> 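Quick one: the structure is below, questions incoming.
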Amino acid sequence: MIYLVLTVGPVIAAISLGGGARHGQNLAPLIGRALGILAMAMLLLQFLTSGRFEQISGRIGLDRTMGFHRVAAGALLLVIVGHIAGFMFRAQSWAPDVLLARLAAMITSTGLLGGTLAAGILLLLVLWAKYLRHQMARYEIWRLLHGGLAVAAMVLALHHSFVHARLFADPLGTGTIIVLAVIALGSIGIIYVWRLYQGRAQGFVVDAVHTRAPGIAELILRGPKDGAFRFTAGQFAWLTLGRRHSVTDNPFSILSLPSELPRLRFMIRDAGDMTHTVPALVPGTPVAIDGPHGSFTLQKVDISKPVLLIAGGIGIVPVLGVLAQLAEYRITSPVYLLLAVRDGAELRLLRDQLPGLQENLDLRALCLFEHGEGEDPTNIENITVQKARYDQTHLVRLLDGRDAAEMVAFVCGPPVMMDAAIDDLAVMGVLDANIRMERFDYDAANDIISRRQRQHFTLILTAGVVITVLATILSVWM
């Protein structure tokens, strides 16, 4: 509802107060103008759904936030197409050659250059993020260009709007867009200036770095004893290493418990970007922290129910955080852990973690590996190690007759595994509300829950377009 108010609201204000809609006028360009205002508002709100604001992603989940950001980006492009089409159909003749000539005239018009460039940049951003993000640039370069081009598109679109949008004749519609623009620009300042200052002011430095498995390092930070940083087990933080700027920061799950503060522990895999520098960090190196973020926690979870934890690869880090919190709570209900890794050597990640937790939990675990040599990383009871790739039969084997529908589940890992595991949980009767998941991936998820969410998001965005078009039609004929 908030999103619809902030996007459709300026349109309604412009139509009702700005004039321009008169009986007998050609309806197509009026709809085009209205869709242009809607597109401007949608573009500005993209800066608030970037996943960096805990007030949003902490309430609905990072996956939902990023899912909406992706769907809204595609919808924004379609609204821009509608905006352009409105002016292509402004006259009586709709012959294909005439329409193409009008389109060519708009694209080549120097007066419309700002709008044309903004549309082109947005098209590039969506296609790049969807299809080419992993191929064309390193993570840091992609983030810098993605953010910089988005700001450029916003500035060009604002200029285009205020120069050409006749429906912006009213102070209310114009004022709303200005407020949204200030919020969008302010969000950039908050993320990349203010939070960097705050993160450095917290005083965290590198305490030690240990290699825990091939390509995986444990980063231990130390902060002041009277520090203000607080978090919940399972959350993550964005880290800026050394004196770098925050455009190079990366999100990492927190491995430690809140009771361990002022010490913070992270398990970091070398992914080929700034993460490859982690093993070489020397004690005393300053680290700026933006966080905590994420809802992959035990908050609002009924821990009197059996708990199922499914992790793939480095996704074990937030899962271990939740597991350690369950052990600290000394819950009596059964806890099941399914871990799947590619290299059997990665099972060493559990060597220093599970033995202490086993004493306070009714824990059963199944550890799967695809390559290399697997070993029981703990030599403790109820831990099974098997060379296999995850499928539903392993989940059934781990639960050993326990009804999955009565459980709460946490899932974190590679996208393909998460899609399969969540679909399996849904088939086994686990309610959507009882599944917590977190992806550190900007690509669209394909599990059944995410597909339902995309349908829900699509309905919201479609409602905005329908309301805009109907309001424009009513303004002409009433």
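Keep in mind that this is a model prediction, so the values were computed, not measured. Note that these values count all heavy atoms, side chains included, but never hydrogens, waters or copies made by symmetry. Numbering starts at 1 and runs along the sequence shown.
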> Does anything in residues 334-343 pair up under salt bridge (Lys or Arg N to Asp or Glu O under 4.0 Å), and if so which pairs, sequence neighbours excluded?
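Output for this query is empty, none listed.
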> Test: salt bridge (Lys or Arg N to Asp or Glu O under 4.0 Å). Region: residues 422-436. Which pairs qualify, not counting sequence neighbours?
Asp432-Arg452
> Going by side chain to side chain donor-acceptor pair (under 3.5 Å), name the pairs with one or both residues in residues 199-208, residues two or more places apart or in two chains.
Asp207-Arg222
> Is Ser256 reaching over with its side chain to a backbone N or O of Arg265, donor-acceptor style, under 3.5 angstrom?
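Present.
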> State, yes or no, whether a side-chain contact exists between Pro334 and Arg402 at a heavy-atom distance under 4.5 Å.
yes
> Salt-bridge test for Arg143 and Asp249: reply yes if a basic N is under 4.0 Å from a carboxylate O, no otherwise.
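Yes.
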> Do the ring centers of Phe252 and Phe236 come within less than 6.0 Å of each other?
no
> Got a sec, which residues hit side chain to side chain contact (heavy atoms under 4.5 Å, CB included) with Ile190, two or more places apart in sequence or on another chain?
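Partners of Ile190 under the side chain to side chain contact (heavy atoms under 4.5 Å, CB included) test: Phe53, Arg195.
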> Answer yes or no: is there an ion pair linking Arg439 with Asp447, defined by an N-O contact shorter than 4.0 Å?
yes
> Determine which pairs satisfy ring-ring contact (aromatic ring centres under 6.0 Å, His included) with at least one residue from residues 403-428, sequence neighbours left out, and list them in order.
Phe296-Phe410
> Out of Val79, Leu470, Leu78, Thr7, which residue meets the side-chain contact (heavy atoms from CB on, under 4.5 Å) rule with Val465?
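Among Val79, Leu470, Leu78, Thr7, the one meeting side-chain contact (heavy atoms from CB on, under 4.5 Å) with Val465 is Val79.
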> With a 4.0 Å cut-off on N to O distance, would you call Arg364 and Asp400 a salt bridge?
no
> Does a donor on one side chain and an acceptor on the other come within less than 3.5 Å for Ser259 and Glu328?
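Glu328 and Ser259 do have a side-chain donor-acceptor pair below 3.5 Å.
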> Could you pull out the closest heavy-atom pair between Gly291 and Ala237, with the gap in Å?
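That would be CA-CB, 4.4 Å.
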> Hey, could you give me each pair passing salt bridge (Lys or Arg N to Asp or Glu O under 4.0 Å) that has a residue in residues 180-189? Not counting sequence neighbours.
none
> State whether the side chain of Ser304 and the backbone N or O of Ser333 hold a donor-acceptor pair below 3.5 Å, judged by distance alone.
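Side chain of Ser304 to backbone of Ser333, a donor-acceptor pair under 3.5 Å: no, none is there.
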> Would you call Lys300 and Asp302 a salt bridge, taking side-chain N to carboxylate O under 4.0 Å as the test?
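Looking at Lys300 and Asp302, the cut-off is not met.
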